[in-house]
Amino acid sequence: MTFDWGYAWEILPAILRGAVVTIKLGLAIYAVALVGGLILAVVRLALTPALAHAVDQFTSFIRTTPPLIQLYVPFFILPQYGIVLSAEVTGVAVLGLHLATFTSEVYRAGIEAVPRTQWEAAIAIGLDPRRTWMRIILPQAARKVVPPLGNYLIGTIKSVPYLAVISVQDMLGTALNEASLSFRYYEPIALVGALYLVMSLIAAELVRFVERRYAAV
């Protein structure tokens, strides 16, 4: 099969519109993962052992369950109980939470790497727990977790095609639709692969820029 440049040029605008959807959803999923992961990490480290154990079991369950199953449950089963969420909201919430269970481990490692003397110094000068976390612990932990968290950005963008199973028209979903109409898969898949390569390279450069900024601090 030869590559038909005329057909590729014809479907490129639709696939680019799908690429915009992929970028928007990828960034939204990443934002949920960053915030959710921090909350999970702080809860596991700051609350009672019983609650920390409950959160630990919850994160283990989410991490070990396939993302596709987690997408199917809220999108296809919850409507039977009167809870209807759009495909985009479902995708961002589910994949964001799934990724948050992984980023929470990064946050936990960064927080635990802060020297114990910093906690003791905060207590000695009379800081309450909230100010200890906000002014002493989290700023120091942030410098340690930025590089590994940045790497998750690339993986997040590549996870967006999962949402095609709940009818989200992202870049891959759009390409498959075009392919099903023309029965030509070579050009749509090749375009999607090339665009994902460009997105990953740009994301990698952003990660390296942020790492250099924090390394210089």
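Keep in mind the model is a prediction, meaning the values are calculated, not measured.
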S.K.: Could you tell me which non-hydrogen atom of P74 sits nearest to which non-hydrogen atom of P79, and how far apart they are?
M.R.: O-CD, 3.5 Å

S.K.: Taking C-beta and beyond as the side chain, do E112 and L45 meet within less than 4.5 Å on heavy atoms?
M.R.: yes

S.K.: L71, L85: one ILVMFWY side-chain cluster at the under-4.5 Å cut-off?
M.R.: no

S.K.: Is Y162 atom OH crowded by more than 12 heavy atoms from other residues, nucleotides or ligands, each under 6.0 Å away?
M.R.: no

S.K.: Quick one: CG on L16 to CG on L195, what's the gap to the nearest 0.5 Å?
M.R.: 6.0 Å

S.K.: With a 4.5 Å heavy-atom cut-off, do Y107 and L34 have their side chains touching?
M.R.: yes

S.K.: Do NZ/NE/NH1/NH2 and the carboxylate oxygens of R63 and E105 come within less than 4.0 Å?
M.R.: yes

S.K.: Before giving the answer on side chain to side chain contact (heavy atoms under 4.5 Å, CB included), spell out for L172 and I189 the whole-Å C-alpha distance, their side-chain angles and the decisive distance to 0.1 Å.
M.R.: CA-CA 8 Å; L172 181 60; I189 298 302; 4.2 Å; yes

S.K.: Would a 4.5 Å heavy-atom cut-off, applied to side chains only, mark L95 and P67 as touching?
M.R.: yes

S.K.: Measure the CG-CG distance between D56 and L40 for me, rounded to the nearest 0.5 Å.
M.R.: 10.5 Å

S.K.: Under the side chain to side chain contact (heavy atoms under 4.5 Å, CB included) rule, what do V32 and L97 come out as? Steps first, then yes or no, please.
M.R.: CA-CA 7 Å; V32 172; L97 178 59; 5.6 Å; no

S.K.: Take a 6.0 Å sphere around CZ of F76 and say whether it holds more than 12 heavy atoms from other residues, nucleotides or ligands.
M.R.: yes

S.K.: Using the ring centroid of each side chain, check whether Y152 and Y30 are separated by less than 6.0 Å.
M.R.: no

S.K.: When you compare the side chain of T174 with that of R17, does any pair of heavy atoms fall below 4.5 Å?
M.R.: no

S.K.: Does a side-chain heavy-atom distance below 4.5 Å link Y196 with T22?
M.R.: yes

S.K.: Do V92 and L25 have side chains that approach each other closer than 4.5 Å (heavy atoms only, starting at C-beta)?
M.R.: yes

S.K.: Evaluate side chain to side chain contact (heavy atoms under 4.5 Å, CB included) for V42 paired with I39, printing each intermediate quantity in order.
M.R.: CA-CA 5 Å; V42 171; I39 293 173; over 6 Å; no

S.K.: Report the distance from atom CD1 of I23 to atom CE of M171, rounding to the nearest 0.5 Å.
M.R.: 8.0 Å

S.K.: V165 and F75: side chain to side chain contact (heavy atoms under 4.5 Å, CB included), yes or no, with the steps?
M.R.: CA-CA 10 Å; V165 300; F75 191 72; over 6 Å; no

S.K.: Tell me, do P161 and D170 make a side-chain contact under 4.5 Å, heavy atoms counted?
M.R.: yes

S.K.: Under a plain distance cut-off of 3.5 Å, with no hydrogens placed, do Y7 and S182 share a side-chain donor-acceptor pair?
M.R.: yes

S.K.: Is the shortest heavy-atom distance from the side chain of D128 to the side chain of R131 under 4.5 Å?
M.R.: yes

